There are 2 protein chains.
Amino acid sequence: MKEGLAQFNSVFSIDCVIFGFDGGELKILLIERNEEPFKDWWALPGNLVSEDQSLDQSASSILTSLTGLRDIYMEQYYAFGDPGRHPQGRVVTLAYYALIRLGGEKDLHPITTYAKRAVWWSVNDLPKLAFDHKKIFDKGLEKIKRRIKHQPIAFELLPEKFTLTQLQHVYELILGKKLDKRNFRKKMLSFGVLRELNEKQKGVSYRAATLYKFDRRKYAKLFGKEISF
Amino acid sequence: MKEGLAQFNSVFSIDCVIFGFDGGELKILLIERNEEPFKDWWALPGNLVSEDQSLDQSASSILTSLTGLRDIYMEQYYAFGDPGRHPQGRVVTLAYYALIRLGGEKDLHPITTYAKRAVWWSVNDLPKLAFDHKKIFDKGLEKIKRRIKHQPIAFELLPEKFTLTQLQHVYELILGKKLDKRNFRKKMLSFGVLRELNEKQKGVSYRAATLYKFDRRKYAKLFGKEISF
DNA sequence: GCAAAAGTGTTCCCGTTACACCCATGT
DNA sequence: ACATGGGTGTAACGGGAACACTTTTGC
């Protein structure tokens, strides 16, 4: 992304698949590029890695600059480096997925110069993506599918207080299939990592559901025991 | 690993955790470095990636040059890139694990200039490793532990024809625990991916065991069904 | 009173586990 | 004959899957 790139031994970048859940759909955050190559295309947010940052820090700062949020759950999952994946030379990219709470859809400020704007897209209705970003997205989705079966990552997509039905929706969207309500609740509660609150959902025009919290302390105590979905 | 490394935007390399099974122990292949930094230390085999090779090709050629074998099972699993992990500058390394059949222990020819020799070490008795290679190894072992529960990778460590006891040993070594013989056999055979041969083990001073083959065709037909250990 | 989602138990089945003895072979 | 690992079955248990109706609330 610089003149004379080919003279460099190599260049590497980080690209992020940022998942969000808005109550109805599973979404990812895409930026519209404002720079060649792939000007005007939609792409995963990403950046070159600066000299002195660790990879995780670098991914983290992409996330923060884009969303304004800190301490986002994220995980590096693969390196993509086919020669030819970048038209201007050899760029190896390290892919991260991240999961965030979609609150007020508020402040997405692409402070970067290379993006016009950032928009949430439903994963079921993505536009054509720049570079090999489709491949990167596909692998990212596959990874969180596996991950959600063993790790409590669904909570990262939900507000602090959530209903069991919301939680079930997250599982259904990521796994791509319907789950049985009774079995889901029984199993989820059996893990003992949810704390029932004395509080109900508000603003719904039907019976309000009980709110729950994910209890990190209890989860930490289960260390070693695998959750299995 | 070159003068003036710092002037490069970045450098990346590939390091391989090469697992082998010799009938008794789980081993990995280490090289003794013949170059600074970490001259005379033991290290994972690795190399810088050349301009025109894909990452997999590059890993593959490391494996071939070291072992003389082709079509080795391998998988990229993580990128390590802490600034400071390499004393001479920023080097991001892409870690691969590989599984190979330890046959005659024959031809390990470290054709590279930077290694004096290559030796198989038991994973339970490793020397101090150069760079952050211990961390890379640990994560690699963790990955294959997960992987062996869902994918037929144990066969990659065994000769084409093997006994069920040998197969069980591989599982026990990787998972780090004893398994029940009857249950193991029942389950393994129930997957329907092993073909019993009309052939027995030879050269043992006790009752010879039946040999089996892994049947890739049958396995391919199970596509979608997950094996679960 | 109606629409919409919350909330709740039981049964059946199958895969997992635990467990011990005789068999075949080579020395 | 003995030492060594090969090879086999069954019973009890527990988690997963299937399945439908009553309750609460807001409008």
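Quick caveat, the model's predicted, so the values are computed rather than measured. Naming convention: chains lettered A, B, ... in sequence-line order (proteins, then strands); numbering from 1 in each chain.
Counting non-hydrogen atoms of other residues, nucleotides and ligands closer than 6.0 Å to NZ of B/K187 gives a total above 12.
Contact annotation: side chain of A/K181 to base of C/dG7, donor-acceptor pair present below 3.5 Å. For A/R207 against C/dA6, a side-chain N or O and a base N or O form a donor-acceptor pair under 3.5 Å.
Residue B/K186 has no polar side-chain atom (N or O) positioned under 4.0 Å from OP1 or OP2 of D/dT8. Taking only side-chain nitrogens and oxygens, B/R185 comes nearer than 4.0 Å to OP1 or OP2 of D/dG7. Taking only side-chain nitrogens and oxygens, A/T210 comes nearer than 4.0 Å to OP1 or OP2 of C/dG7. Residue A/S205 places none of its side-chain N or O atoms closer than 4.0 Å to OP1 or OP2 of D/dT25.
As a whole-Å value, the separation of B/K178 NZ from C/dC19 P is 16 Å. Rounded to whole Å, atom P of C/dT16 lies 7 Å from atom CZ of B/F191.
Under a 4.0 Å N-O distance rule, the pair B/K213/B/E160 qualifies as a salt bridge.
In this structure, the nucleotide among C/dA4, D/dG5, C/dG9 sitting nearest to the side chain of B/Y206 is D/dG5. In this structure, of D/dT24, C/dA24, C/dA20, it is C/dA20 that holds the atom nearest to the side chain of B/R182.
Annotation: of the two residues near DNA chain D, B/N183 and B/T163, the 5′-most nearest-nucleotide partner is B/T163.
The only option from B/Y212, B/F155, B/F21 that meets the ring pair (Phe, Tyr, Trp, His ring centres under 6.0 Å) definition with B/F162 turns out to be B/F155.
For the residue pair A/K149/A/S228, the side-chain donor-acceptor check at 3.5 Å is not satisfied.
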